[in-house]
J.: 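Here it is: the structure, laid out below.
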Amino acid sequence: MKANSKNSFFICSPSNKLKETIVNEILKTKNGIEFHSSLPNYEATPLVLLPKLSKKYNVGSIYIKDESTRFGLNAFKILGASYAIDQLLKKDPTIETFCTATDGNHGKAVAKASKFMNKNSVVYVPEHTVKDRIAAIEKEGAKVEKVKGSYDDACDHAIKMSKLNGWCLVQDTSSNANDITNALIMKGYLTMFQEMEDTIHTLPKSKIDVLFLQAGVGSFASAAVFYYLERYSANRPKIVLIEPRKADNILYSFQQDELSTIPYKSKTIMAGLCCETPSAAAWNLLNSGIDVAIKIEDKYAIKAMQELYFPKGNDPQIISGESGAAGLAGFLAILKENEFRPVREMLEINKNSRLLFINTEGATDISFFNKTMGL
């Protein structure tokens with residue numbers, strides 16, 4: 001029976017098993033972090049402990065993996081784009097132009113990786129994309145064009161133009177469950193989790209209890225699910241997936257018990273999560289390891305940004321954009337909203353709980369960030 005799509009959460013029944021798929025076979029290869037560490041200016045991003053914030057919310061530990069410093073691009077997406085483009089060029093060195101659609105960070109990453117490989121890039125963005133994000137993509141050498149409509153419309157246009165012009169599409173979403181390029185992008189994302197293996201990702205058991213993951217099309221979240229199932233199997237941490245209330249394509253798909261497009265136009269300040277259809281290449285993994293999916297109001301993203309920018313006591317300051325703070329925003333909403341009481345009970349978060357959040361981006365919309373922080 002399909003769940004009520006009006007609910008703000010869905011408690012899943014994950015299989016905790018990895019299916020034999022092309023995507024999973026690519027993810028099992030061992031050369032992702034080796035590739036990234038060979039690049040100029042590679043440095044593992046910091047894992048930040050926030051003891052004062054932990055005390056404020058009465059939990060044992062709050063960790064933030066801060067991706068805002070990744071390769072100087074202010075977001076984690078370069079991990080996926082660089083690895084995928086490297087692998088695609090090894091297969092076909094004659095590629096001259098890479099193409100993608102984006103709300104900002106992925107397009108900037110494709111542009112940066114293309115330039116590094118002395119290739120061209122064309123990036124399509126939905127019409128609502130702000131000037132700061134477009135300028136950041138153009139700065140990396142890409143040709144940027146706006147597409148009338150949503151992120152999904154931009155993706156469709158990128159597919160069309162890539163076929164028409166013979167460009168190589170490097171998209172972090174796909175309608176094909178066995179899309180190899182999407183799998184290569186996910187493979188690149190694994191590096192950020194592997195970087196924590198000397199700290200909180202110990203064996204045989206992780207030093208965290210609950211992981212909070214923001215989701216747009218689901219490629220990042222599915223890479224995380226693969227990592228934890230492959231490393232810990234059923235002993236993995238609990239995984240919470242967070243989406244904006246008006247861009248809840250994965251929650252909606254869970255509620256419909258099949259990959260689905262939300263029946264309305266996506267709208268949120270969390271631009272990197274403003275998507276309407278999950279990636280088919282991510283769907284099996286999300287079903288395998290997500291414990292609960294929730295959707296939240298935009299106001300919690302702002303609250304989370306402020307918590308990180310204005311730290312308590314000696315906690316370090318973290319600059320996080322709207323999408324970057326979405327994981328922490330989900331945690332705050334779960335604590336605050338009565339409708340999430342079943343989620344609180346299921347997660348069993350207490351004064352000893354160790355929580356991990358990923359700051360997937362810094363301030364990518366500078367004007368909005370400054371206004372929100374009162375700067």
Side-chain angles (χ1 to χ4, degrees), residues 8-9 48 50 52-59 62-69 74-77 103-105 126 128-133 136 151 210-216 220-221 240-251 264-275 293-313 315-340 343-344 349 355-375:
S8 295
F9 67 90
V48 182
L50 300 176
K52 296 298 183 182
L53 192 63
S54 305
K55 183 176 181 180
K56 176 178 178 178
Y57 290 109
N58 197 30
V59 296
I62 288 179
Y63 292 96
I64 308 283
K65 175 69 165 167
D66 186 7
E67 289 293 304
S68 67
T69 61
N74 211 12
F76 78 104
K77 290 281 190 174
D103 267 314
N105 292 332
H128 59 72
T129 306
V130 300
K131 292 181 179 179
D132 283 346
R133 293 193 175 98
Y151 170 77
V210 186
L211 169 68
F212 293 81
L213 295 170
Q214 52 271 65
F220 161 64
V240 184
L241 185 140
I242 298 98
E243 294 178 286
R245 182 168 290 277
K246 295 184 180 180
D248 59 329
N249 61 92
I250 296 174
L251 170 60
Y264 40 84
K265 289 296 183 182
S266 56
K267 184 179 180 181
T268 175
I269 64 169
M270 294 172 263
L273 312 182
C274 193
C275 310
I294 72 169
K295 59 182 177 181
I296 63 171
E297 299 286 355
D298 283 359
K299 65 181 181 180
Y300 284 106
I302 293 174
K303 174 65 174 175
M305 292 166 65
Q306 292 169 338
E307 288 279 27
L308 296 174
Y309 188 77
F310 300 106
K312 309 296 181 290
D315 282 1
Q317 181 188 65
I318 296 175
I319 297 175
S320 180
E322 311 86 69
S323 299
L328 180 60
F331 171 62
L332 299 180
I334 289 170
L335 293 183
K336 179 73 173 179
E337 299 292 337
N338 289 333
E339 64 182 327
F340 291 133
V343 177
R344 292 196 294 270
I349 295 175
L355 314 179
L356 174 62
F357 305 89
I358 313 294
N359 180 30
T360 52
E361 65 168 11
T364 54
D365 182 348
I366 302 298
S367 298
F368 180 83
F369 182 86
N370 289 342
K371 180 180 178 180
T372 303
M373 298 301 112
L375 303 177

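Positions are given from 1 along the sequence. Side chains are part of it too, since the values below use all heavy atoms of this structure and drop only hydrogens, waters and symmetry mates.
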J.: Keeping Asn249 on the side-chain end and Cys275 on the backbone end, is there a donor-acceptor pair under 3.5 Å?
T.: yes
J.: Which atom names give the shortest non-hydrogen contact between Pro316 and Val48, and what distance separates them?
T.: CG-CG1, 3.2 Å
J.: Quick one: pull up CG in Asp315 and CG in Leu53 and give me the separation to the nearest 0.5 Å.
T.: 6.5 Å
J.: Do you know which two heavy atoms are closest between Ala304 and Ala325, and how far apart they sit?
T.: CB-O, 3.5 Å
J.: In Å and rounded to the nearest 0.5 Å, what is the CD1 to CG distance from Ile62 to Leu328?
T.: 6.5 Å
J.: So, Glu243 side chain and Ala293 main chain: donor-acceptor pair closer than 3.5 Å or not?
T.: no
J.: List in chain and number order the residues that pass side-chain hydrogen bond (donor to acceptor under 3.5 Å, both in side chains) with Tyr57, two or more places apart in sequence or in another chain; answer none if no residue qualifies.
T.: Glu307
J.: Is it true that, when you exclude Lys267 itself, more than 12 heavy atoms of the residues, nucleotides or ligands shown sit nearer than 6.0 Å to its NZ?
T.: no
J.: Check the pair Glu337 / Arg245 against salt bridge (Lys or Arg N to Asp or Glu O under 4.0 Å), numbers first and verdict last.
T.: CA-CA 13 Å; Glu337 299 292 337; Arg245 182 168 290 277; over 6 Å; no
J.: Applying side-chain contact (heavy atoms from CB on, under 4.5 Å) to Val210 and Phe331, what does each step give before you reach the verdict?
T.: CA-CA 10 Å; Val210 186; Phe331 171 62; over 6 Å; no
J.: Rounded at 0.5 Å granularity, tell me how far OH in Tyr151 sits from OG1 in Thr129.
T.: 11.0 Å
J.: Go through Lys65 and Phe357 one step at a time and tell me if the side-chain contact (heavy atoms from CB on, under 4.5 Å) criterion holds.
T.: CA-CA 6 Å; Lys65 175 69 165 167; Phe357 305 89; over 6 Å; no
J.: Side chains of Val240 and Ile334: closer than 4.5 Å at any heavy-atom pair?
T.: yes
J.: Hey, what do you get for CE (Met270) to OG1 (Thr360), rounding to the nearest 0.5 Å?
T.: 11.0 Å
J.: Evaluate the criterion side-chain contact (heavy atoms from CB on, under 4.5 Å) for residue pair Ser68 and Ile318; output intermediate values, then yes/no.
T.: CA-CA 9 Å; Ser68 67; Ile318 296 175; 5.6 Å; no
J.: State, to 0.1 Å, how close Glu361 and Gly324 come at their nearest heavy-atom pair, and which atoms those are.
T.: CG-N, 3.3 Å
J.: To check you understand the geometry: which heavy-atom pair defines the closest contact between Tyr300 and Ala329, and what is its length?
T.: O-CB, 3.2 Å
J.: Less than 4.5 Å apart, side chain to side chain, heavy atoms only: is that true for Leu375 and Tyr309?
T.: yes
J.: Does Asp298 use its side chain to pair, donor to acceptor, with the backbone of Ile269 at less than 3.5 Å?
T.: yes
J.: How long is the span from the CD1 atom in Ile319 to the CE atom in Met373, to the nearest 0.5 Å?
T.: 10.0 Å
J.: Hey, mind stepping through Thr268 and Lys246 against side-chain contact (heavy atoms from CB on, under 4.5 Å) and telling me if it holds?
T.: CA-CA 6 Å; Thr268 175; Lys246 295 184 180 180; 5.7 Å; no
J.: What pair of heavy atoms forms the shortest contact from Gly330 to Ile294, and how long is it?
T.: O-CD1, 3.8 Å
J.: Kindly write out the residues that satisfy side-chain hydrogen bond (donor to acceptor under 3.5 Å, both in side chains) with Asn359, not counting sequence neighbours, or none if the list is empty.
T.: Asp66, Ser320
J.: Between Arg133 and Asp365, which heavy-atom pair has the shortest distance, and what is it?
T.: NH2-CB, 3.7 Å
J.: More than 12 heavy atoms of other residues, nucleotides or ligands under 6.0 Å from NZ of Lys52: is that the case?
T.: no
J.: Rounded to the nearest 0.5 Å, how far does CZ of Phe220 lie from CG of Leu273?
T.: 10.0 Å
